[in-house]
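What follows is a short report on a single structure.
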Amino acid sequence: MSVQQQENSDSREMVRAEKIVKRFGDITVLNGVDLSVKRGQVVVVIGPSGSGKTTLLRCINHLEKIDDGRIYIDGELMGYRESNGRLVEDREANIARIRSQVGFVFQRFNLFPHMTALENVIEAPIHVLRQPKSEVTERAHALLAKVGLAEKANAYPHKLSGGQQQRVAIARALAMNPKIMLFDEATSALDPELVGEVLKVMKQLAEEGMTMVVVTHEMGFAREVCSHVIFMDKSVIVEEGTPEKIFDHAENERTRNFLGMIL
Amino acid sequence: MFQWDTVWHFLFSDPNHLFLLAAWRTLWISVVAQFIGVILGLFLALMRMSRFPYLNWPARAYIWFFRGSPLLVQVLLLWDGLPRIINNPDFLLPDFACILVAFSLNEGAYMAEIVRAGITSVDAGQMEAAKSLGMRFALAMRRIILPQAARVIIPPLGNEFNNMLKTTSIASVIGLLELTGTAEVYGSQNFVIFELLIVATVFYLLLTTLWGYIQSWIENRLDPNRTLKAELDQKGWASRMLGFGSPRPGGAGTLASGR
């Protein structure tokens with residue numbers, strides 16, 4: 001592989017969203033949103049509640065259907081296929097296959113309560129990717145150790161704190177070896193003293209080169225970790241750029257107002 | 001004059017095991033009908049919850065019919081009505097087949113609503129988490145949703161089976177000699193109907209009590225906390241078998257007892 005090709009594959013777009021429109025009834029939640037996330041990039045999406053940032057994230061792995069536009073995951077059209085020049089919903093198997101390459105971390109953790117931490121982590125690799133159990137279990141123990149929960153492998157979720165549950169959820173997503181990780185306000189449901197342990201894991205992931213899209217209210221994390229900040233308000237992207245640009249030299253008044261309120 | 005010795009004879013020293021065989025018939029009809037009913041109910045529930053009208057309307061109509069008309073009438077429709085519908089008066093469904101079909105179809109409708117309630121009780125985030133990990137609907141149902149729904153489904157399912165054990169007495173109207181039919185037929189022939197109804201009652205109680213014990217064992221198994229296990233271990237066998245004051249897992253009683 002030549003140097004040129006290497007660069008190309010490194011700057012490959014892991015997520016590309018073109019003019020996404022999403023409506024809930026009469027309300028337009030996303031009104032022509034474009035997004036591009038390159039490999040290894042950490043993109044943080046900020047904005048007031050109701051601005052559409054969570055919906056954008058959910059559209060990326062097709063937890064929400066979109067009303068217009070296109071989303072590509074690593075070059076593949078997500079959720080739809082073209083048929084006679086029109087977009088129709090893709091086959092379930094294909095949607096599931098692309099989703100298995102995208103890690104999603106929920107605000108409410110959504111761990112499987114009838115399984116231990118370890119079982120949560122090994123479930124999808126065994127039953128979706130059909131990897132051998134011994135191999136997956138070994139990897140799961142390593143992942144739990146990585147998020148600092150090696151000794152909690154056999155604990156059920158209700159015995160874990162919110163921060164511990166969220167770290168298991170991150171390990172569960174990582175066990176699929178995703179190409180990209182999406183974090184939907186991963187620390188918003190946590191008690192303040194537990195936020196740090198989850199952010200630490202996310203920061204470590206970013207430093208290891210994981211491609212990430214992070215919806216968050218943690219401005220410190222955004223400033224420190226991310227390479228690109230997107231400010232959304234009222235269903236559109238108002239302004240985007242480097243953390244320095246958005247946090248210190250925002251051009252748009254809405255951006256400045258929002259940051260002024262929460263910083 | 002009430003003949004205690006007749007009761008005694010049919011309970012303990014009947015060389016023909018008349019009631020034991022009748023109880024066996026009652027039991028296996030119940031088990032088979034309940035089993036088919038659960039499977040049927042699962043598919044009906046999934047159809048009923050589907051967003052596609054061609055799936056959910058047939059399920060709605062089915063449930064509406066089978067919950068809205070008496071089981072006795074459904075049995076008779078199948079027994080007497082089927083030969084007329086297919087216009088062949090000589091055709092007669094075997095009595096066992098007729099009862100099993102009618103009971104299974106009827107039970108399917110009730111189980112559909114119970115299963116639906118169970119699935120609805122599972123947080124929507126569970127399905128989303130499963131999907132986000134690349135699971136397809138069927139796999140997510142089997143591995144993630146149904147195991148959690150089971151905790152909600154099992155207690156009313158236990159009620160249904162308890163009912164089923166007793167509702168099998170309807171089979172006697174088409175001449176199938178399960179417990180009630182046996183008591184009626186032999187009792188009226190020998191003028192000991194009251195005595196034999198007592199014998200039948202004892203066997204019904206035996207079956208339902210045994211089932212109550214099995215049910216609490218299953219519920220206990222499904223409780224990840226296994227808190228109920230500790231509670232049950234502190235109780236005597238009598239309270240377990242008869243269910244006096246035993247709290248349901250997750251029920252108000254469990255909370256009140258300082259879990």
Side-chain angles (χ1 to χ4, degrees), chain A residues 57-58 60-65 79 91-116 119-130 154-159 165 168-169 171-178 180-184 189, chain B residues 46-47 49-55 115 118-155 157 218-230 248-251 254-255 258-259:
Chain A
L57 209 60
R58 291 167 58 83
I60 292 176
N61 78 341
H62 202 61
L63 285 177
E64 303 285 355
K65 291 175 181 156
R91 290 193 350 267
E92 190 199 9
N94 214 27
I95 296 174
R97 182 182 58 79
I98 302 179
R99 273 196 191 125
S100 71
Q101 304 165 355
V102 179
F104 199 103
V105 178
F106 296 86
Q107 186 178 355
R108 303 279 338 163
F109 330 134
N110 293 346
L111 287 182
F112 305 134
H114 57 304
M115 299 179 179
T116 63
E119 286 165 348
N120 265 277
V121 177
I122 66 177
E123 176 67 16
I126 289 176
H127 289 98
V128 176
L129 303 178
R130 305 202 169 277
N154 294 319
Y156 281 94
H158 69 272
K159 297 278 186 199
Q165 288 190 50
V168 173
R172 178 176 71 175
L174 289 174
M176 298 292 284
N177 284 325
I180 179 169
M181 290 280 287
L182 310 176
F183 292 85
D184 179 17
Chain B
L46 292 173
M47 282 172 70
M49 295 174 78
S50 165
R51 62 198 159 95
F52 301 111
Y54 56 83
L55 284 177
V115 172
I119 292 174
T120 312
S121 76
V122 179
D123 183 63
Q126 292 292 309
M127 183 51 107
E128 293 195 341
K131 282 182 171 175
S132 79
L133 289 164
M135 292 193 188
R136 296 168 68 171
F137 180 83
L139 180 64
M141 267 293 156
R142 187 163 61 81
R143 295 285 311 172
I144 308 300
I145 308 298
L146 288 177
Q148 294 180 60
R151 291 184 66 194
V152 176
I153 292 171
I154 292 293
L157 168 63
I218 295 172
E219 283 174 17
N220 185 28
R221 281 290 305 265
L222 281 171
D223 185 4
N225 276 328
R226 301 287 171 94
T227 42
L228 195 67
K229 185 171 185 299
R248 279 270 161 76
T254 324
L255 290 173
R259 181 172 171 176

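Order of the sequence lines fixes the chain letters, A, B, ..., with proteins taken first and strands second; residue numbering starts at 1 for each chain.
Of the possible donor and acceptor atoms, one in the side chain of Asn110(A) sits under 3.5 Å from a partner among the backbone N and O of Gly125(B). At distances below 3.5 Å, not a single donor-acceptor pair connects side-chain atoms of His127(A) with backbone N or O atoms of Ala140(B).
With a 4.5 Å cut-off on non-hydrogen atoms, Leu139(B) touches chain A through its side chain but not through its backbone. No part of Ala175(A) comes within reach of chain B, as not one of its non-hydrogen atoms sits under 4.5 angstrom from that chain. Both the backbone and the side chain of Arg172(A) come within contact range of chain B, each with at least one heavy atom under 4.5 Å from a heavy atom of that chain. Looking at Ile98(A), neither its backbone nor its side chain comes within 4.5 Å of chain B, counting heavy atoms on both sides. Contact of Phe112(A) with chain B is made through backbone and side chain together, with heavy-atom distances under 4.5 Å.
Val128(A) approaches Gly134(B) most closely through the heavy-atom pair CG1-O, 3.6 Å. Annotation for Arg136(B) and Ala96(A): closest pair CG-CB, 3.7 Å, computed over non-hydrogen atoms. A pairwise comparison of heavy atoms in Ala129(B) and Phe106(A) identifies CA-CE1, 3.6 Å as the closest pair.
With contacts defined as side-chain heavy-atom distances shorter than 4.5 Å, the pair Pro147(B)/Met115(A) does not qualify. At least one side-chain heavy atom of Met135(B) sits less than 4.5 Å from a side-chain heavy atom of Glu123(A).
Atom CG in Leu63(A) sits 11.5 Å away from atom CE in Met127(B) (nearest 0.5 Å).
The number of heavy-atom neighbours closer than 6.0 Å to CZ of Arg97(A), taken from other residues, nucleotides and ligands shown, is above 12.
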Passes side chain to side chain contact (heavy atoms under 4.5 Å, CB included), His114(A) versus Arg151(B)? Steps please. CA-CA 10 Å; His114(A) 57 304; Arg151(B) 291 184 66 194; over 6 Å; no
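Note on Leu111(A), Val102(A), Asn61(A), Val105(A): by heavy-atom pairs under 4.5 Å with chain B, the leading option is Leu111(A).
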